[in-house]
K.L.:
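Right, I'll just put the structure down here and ask away after.
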Protein chains: 2
Amino acid sequence: MSRPYVCGLDAAVDMIGGKWKVLLLWAMHDQPRRFGELRRLLPGISEKVLTQHLREMAADQIVRREAFDETVPRVEYSLSEFGLSLHEALRPLGAWGTQHMDRIAEVRAPA
Amino acid sequence: MSRPYVCGLDAAVDMIGGKWKVLLLWAMHDQPRRFGELRRLLPGISEKVLTQHLREMAADQIVRREAFDETVPRVEYSLSEFGLSLHEALRPLGAWGTQHMDRIAEVRAPA
DNA sequence: CGGCATCCGATATGATACTG
DNA sequence: CAGTATCATATCGGATGCCG
């Protein structure tokens, strides 16, 4: 954005600006997820972008990253309290999207 | 996006993806606004982007465009019922942003 | 006043190959 | 498995000038 926030709304939107962030939020909202797991849950996302988004969201304190030093590398990502509260704030928007999905698909006609 | 919606949330986010769309939503939520008025309300936006966003939002049936054929050109933009319902769905997110503005500014440090 | 056309740079996203 | 590095592309946003 690179501009002072005019209201809380664009500050909030700034946190979910990435192409896949709300989906990541959704994927992690009820359980921790591993890197490869998230990749499978978001078909089409590249490893690079997944890494970038997770790093940004961690920097934003929305997600927690926990690395386990075992024989097989394992990293788990989960929502922080802050991230959970963001997810809660997004629920009405999600409900709105679900409710009007048909209409949205009509005007947008995504693949 | 060019990808089928996985849940209502990313469908909704798809509608507010533009850099200034939530601000436009906010600017119009309580009264119709003229083109030049919106430009003044969103310092920094270019005419081109303003035009593009308004056209997209009109195509998305979020805003209504009304052109008056008078001696002086006049066009008014206002939220449709659909746009108003979207604005309502965004309120918790706006409240979240307002509530955590300090923290967001901390991790993001915008201009 | 309310646009549209064009060009340009910045940023976001993606494909592929390689590594600890 | 969980990344990193590099290269390429796409989309977004901005500046400028012109028009009814």
Side-chain angles (χ1 to χ4, degrees), chain A residues 1-6 10 13-24 27-28 32-60 63-78 108-111, chain B residues 1-6 10 13-24 27-28 32-60 63-78 108-111:
Chain A
M1 288 280 198
S2 77
R3 130 179 82 91
Y5 295 127
V6 179
D10 62 330
V13 169
D14 204 15
M15 306 290 272
I16 54 171
K19 185 175 178 180
W20 309 85
K21 284 191 181 171
V22 296
L23 294 181
L24 283 171
M28 290 184 286
R33 299 287 191 181
R34 299 184 55 177
F35 186 89
E37 201 173 2
L38 290 171
R39 193 172 34 175
R40 278 187 299 278
L41 286 171
L42 277 61
I45 193 173
S46 67
E47 294 180 356
K48 178 183 127 184
V49 173
L50 178 53
T51 301
Q52 281 178 351
H53 281 184
L54 286 172
R55 287 216 184 293
E56 285 177 25
M57 292 167 85
D60 289 343
V63 309
R64 229 185 321 259
R65 189 197 128 114
E66 190 172 7
F68 300 87
D69 198 9
E70 306 171 352
T71 54
V72 300
R74 184 158 71 99
V75 181
E76 278 192 356
Y77 296 90
S78 56
R108 283 302 180 88
Chain B
M1 286 280 197
S2 76
R3 129 178 83 88
Y5 296 128
V6 179
D10 62 330
V13 168
D14 204 14
M15 307 290 273
I16 55 171
K19 185 174 178 181
W20 308 85
K21 285 193 180 172
V22 298
L23 294 180
L24 284 171
M28 290 184 285
R33 298 288 192 181
R34 298 186 54 179
F35 186 90
E37 201 173 1
L38 290 171
R39 194 170 36 174
R40 277 187 300 277
L41 286 170
L42 277 62
I45 193 172
S46 67
E47 294 180 357
K48 178 185 125 180
V49 174
L50 179 53
T51 301
Q52 282 177 351
H53 281 185
L54 286 173
R55 287 219 181 291
E56 285 177 22
M57 293 167 83
D60 289 345
V63 309
R64 228 184 322 257
R65 189 195 129 112
E66 191 170 6
F68 301 87
D69 198 10
E70 306 171 352
T71 55
V72 300
R74 183 159 72 99
V75 181
E76 278 191 356
Y77 296 90
S78 57
R108 283 303 179 86

K.L.:
Check whether any side-chain nitrogen or oxygen of B:R34 sits under 4.0 Å from OP1 or OP2 of C:dC1, and answer yes or no.
P.N.:
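False: B:R34 side-chain N/O out of range (4.0 Å or more) of C:dC1 OP1/OP2.
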K.L.:
Residues of residues 50-60 of chain A with any non-hydrogen atom less than 4.0 angstrom from an atom of DNA chain D: list those, numerically ordered, please.
P.N.:
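Heavy-atom contacts with DNA chain D come from A:T51, A:R55.
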K.L.:
Answer with base, sugar-phosphate or nothing: what part of the nucleic acid does B:Y77 contact at a heavy-atom distance below 4.0 Å?
P.N.:
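Here B:Y77 touches the backbone only, sparing every base.
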K.L.:
With A:R34, which residues qualify under side-chain hydrogen bond (donor to acceptor under 3.5 Å, both in side chains), at least two apart?
P.N.:
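A:R34 satisfies side-chain hydrogen bond (donor to acceptor under 3.5 Å, both in side chains) with no other residue.
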K.L.:
Is the closest side-chain heavy-atom distance between B:L38 and B:M28 below 4.5 Å?
P.N.:
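Result yes, sub-4.5 Å side-chain heavy-atom pair found.
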K.L.:
Under the side chain to side chain contact (heavy atoms under 4.5 Å, CB included) rule, collect the residues that match up with B:P32, sequence neighbours excluded.
P.N.:
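In terms of side chain to side chain contact (heavy atoms under 4.5 Å, CB included), with neighbours along the sequence ignored, B:P32 is linked to B:E76, B:S78.
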K.L.:
Assign A:V75 to base, sugar-phosphate, or nothing according to its heavy-atom contacts below 4.0 angstrom with the strands shown.
P.N.:
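Sugar-phosphate contact only.
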K.L.:
Hey, does B:V13 have a side-chain heavy atom less than 4.5 Å from the side chain of A:V13?
P.N.:
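Not touching, per the 4.5 Å side-chain cut-off.
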K.L.:
Can you see if the side chain of B:R40 gets near the phosphate of C:dC1 - specifically, an N or O under 4.0 Å from OP1 or OP2?
P.N.:
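Result: no.
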K.L.:
Strictly distance-based, threshold 3.5 Å: is any side-chain N or O of A:R33 a donor or acceptor partner for the main-chain N or O of A:A27?
P.N.:
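Yes: the side chain of A:R33 pairs with the backbone of A:A27.
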K.L.:
Nearest whole Å is fine: how far is D:dG13 C1' from B:W20 CH2?
P.N.:
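So the CH2-C1' distance, B:W20 to D:dG13, works out to 10 Å.
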K.L.:
Quick one: B:F35 CZ to D:dG20 P, roughly how many Å, whole number?
P.N.:
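Roughly 18 Å, once rounded to whole Å.
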K.L.:
Which pair of non-hydrogen atoms, one from B:L54 and one from B:F35, has the smallest distance, and what is that distance?
P.N.:
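Shortest heavy-atom separation between B:L54 and B:F35 comes out as CD1-CD1, 4.1 Å.
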